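What follows is one structure encoded as C-alpha cells, with my remarks underneath.
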Amino acid sequence: MINSITEQNKAIVIRFNKEVIEQGNIESFNSIVDKDFINHTAPMGTPNGRDSILHFFNHILRPAFPDLTVTIYDQIAEGDKVTTRKAFHVTHKGEFMGIPTSNKRVVINVIDIVTLRNGKYLEHWAINNLPSVIAELKAK
C-alpha cells in the first residue's frame with residue numbers, strides 16, 4: 001500500500017513513463033497531465049503546454065524510435081516534486097531530426113524533475129544527452 005504523497009507521486013511518474021512514453025497511451029496521458037501543465041524544457045519551436053509532450057513523443061521520438069523502452073534507475077521525491085534518472089533505449093528505425101534511418105541502437109539518458117498537483121503532472125524540467133546521441137547517429 002502506498003501511504004505517502006511522495007510515494008504516490010513517484011508511482012505516478014513511473015506510470016507516466018511506462019504508459020505514456022513507452023506505450024503512447026492517450027487515456028493515461030489525459031488522466032496524468034494537468035490541463036495547466038507547463039513544459040519548461042520543451043524543444044524550440046514546439047508548444048510548452050500539454051501538447052509539447054504529445055508532439056515530442058508522437059511526432060519526433062516515436063516515429064524515429066518505435067521500440068522505445070524506458071529504464072528508471074533512480075527516483076527522489078520531496079514534497080510535490082519527483083526527480084527521475086532514466087534512460088530511453090531505442091533503435092533508430094526512422095528519420096530523426098533530419099538524420100536518415102541508421103538502425104543503430106542508442107541510449108538517451110534523461111534526468112527530469114516533475115512537479116505534481118493533486119496527482120497530476122503540473123510542471124516539467126529535463127536534461128538529456130540528445131546532442132551526443134545525434135552525433136552518434138550521424139557517425140558512419
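The model shown is predicted, which means the values in this text are computed figures rather than measured ones. Start at 1 with the first residue, then count along the sequence.
In this structure a side-chain-to-backbone donor-acceptor pair under 3.5 Å is missing from Lys18 to Gln23. Looking only at distances, a side-chain donor or acceptor of Ser102 sits under 3.5 Å from a matching main-chain atom of Lys104. A side-chain donor-acceptor contact under 3.5 Å links Glu22 to the backbone of Val70. The main-chain N or O of Thr91 is found under 3.5 Å from a side-chain atom of Asp67 such that the two form a donor-acceptor pair. Remark: the backbone N or O of Ala126 is paired with a side-chain donor or acceptor of Thr41 at under 3.5 angstrom.
How far NZ of Lys138 is from CE of Met97: 10.0 Å, rounded to the nearest 0.5 Å. One distance of note links CG of Leu54 with CD1 of Ile60; it measures 12.0 Å at 0.5 Å rounding. The CD1 atom of Ile5 lies 14.5 Å from the CD atom of Glu78; values are rounded to the nearest 0.5 Å. One distance of note links OG1 of Thr71 with CG of Asn109; it measures 10.0 Å at 0.5 Å rounding. From Asp34, atom CG reaches atom CG of Asn118 across 8.0 Å, with rounding to the nearest 0.5 Å. Rounded to the nearest 0.5 angstrom, Asn39 CG and His55 NE2 are separated by 11.5 Å.
Residues Phe56 and Ile111 do not share a hydrophobic cluster, clusters being chains of Ile/Leu/Val/Met/Phe/Trp/Tyr side chains in contact below 4.5 Å. Residues Ile127 and Phe88 are members of separate hydrophobic clusters, defined by side-chain heavy-atom contacts under 4.5 angstrom among Ile, Leu, Val, Met, Phe, Trp and Tyr.
Within the 4.5 Å cutoff, the side chain of Asn103 has heavy atoms near those of the Lys93 side chain. The shortest distance between side-chain heavy atoms of Gln75 and Ile14 falls below 4.5 Å. Using a 4.5 Å heavy-atom cutoff, the side chains of Ile108 and Leu61 are in contact. Side chains of His124 and Ile38 form no contact here, defined as non-hydrogen atoms less than 4.5 Å apart. The side-chain heavy atoms of Phe16 and Val114, taken from C-beta on, include no pair separated by under 4.5 Å. In this structure, Thr84 and Tyr73 have side chains that are not in contact, with every pair of non-hydrogen atoms separated by 4.5 Å or more. The shortest side-chain heavy-atom distance between Ile53 and Phe29 falls under the 4.5 Å cut-off.
Using a 4.0 Å cut-off between charged nitrogen and carboxylate oxygen, Asp36 and Arg117 count as a salt-bridge pair. Using a 4.0 Å cut-off between a side-chain N of Lys or Arg and a carboxylate O of Asp or Glu, Lys10 and Glu7 qualify as a salt bridge. Between Arg85 and Asp74 there is a salt bridge, since a side-chain N of the basic residue sits under 4.0 Å from a carboxylate O of the acidic one.
Pairing each heavy atom of Glu123 with each of His40, the nearest pair is OE2-NE2, 2.7 Å. For Ile12 against Gly119, the heavy-atom pair with the smallest separation is CD1-O, 3.3 Å. The two residues Pro63 and Asn58 make their nearest non-hydrogen contact at CG-O, 3.3 Å. Closest heavy-atom contact between Ser31 and Lys120: O-CE, 3.4 Å. Shortest non-hydrogen contact noted between Asn25 and Glu27 is OD1-N, 2.9 Å. Of all heavy-atom pairs between Val13 and Asn17, the closest is O-ND2, 2.8 Å.
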(request) Check step by step if side chain to side chain contact (heavy atoms under 4.5 Å, CB included) holds for Ile99 and Ile134. (result) CA-CA 8 Å; Ile99 304 166; Ile134 290 169; 3.6 Å; yes
(message) Pair Ile21, Lys86 - check side chain to side chain contact (heavy atoms under 4.5 Å, CB included), show working.
(response) CA-CA 12 Å; Ile21 294 175; Lys86 61 189 176 184; 3.9 Å; yes
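Between Phe37 and Tyr121, the ring planes lie tilted relative to each other; the angle falls in the 30° to 60° range. Aromatic ring orientation, Phe96 versus His92: perpendicular (interplanar angle above 60°, classes split at 30° and 60°).
Under the side chain to side chain contact (heavy atoms under 4.5 Å, CB included) test applied with Lys81, the options Leu116, Leu122, Thr6, Ile113 reduce to a single match, Ile113.
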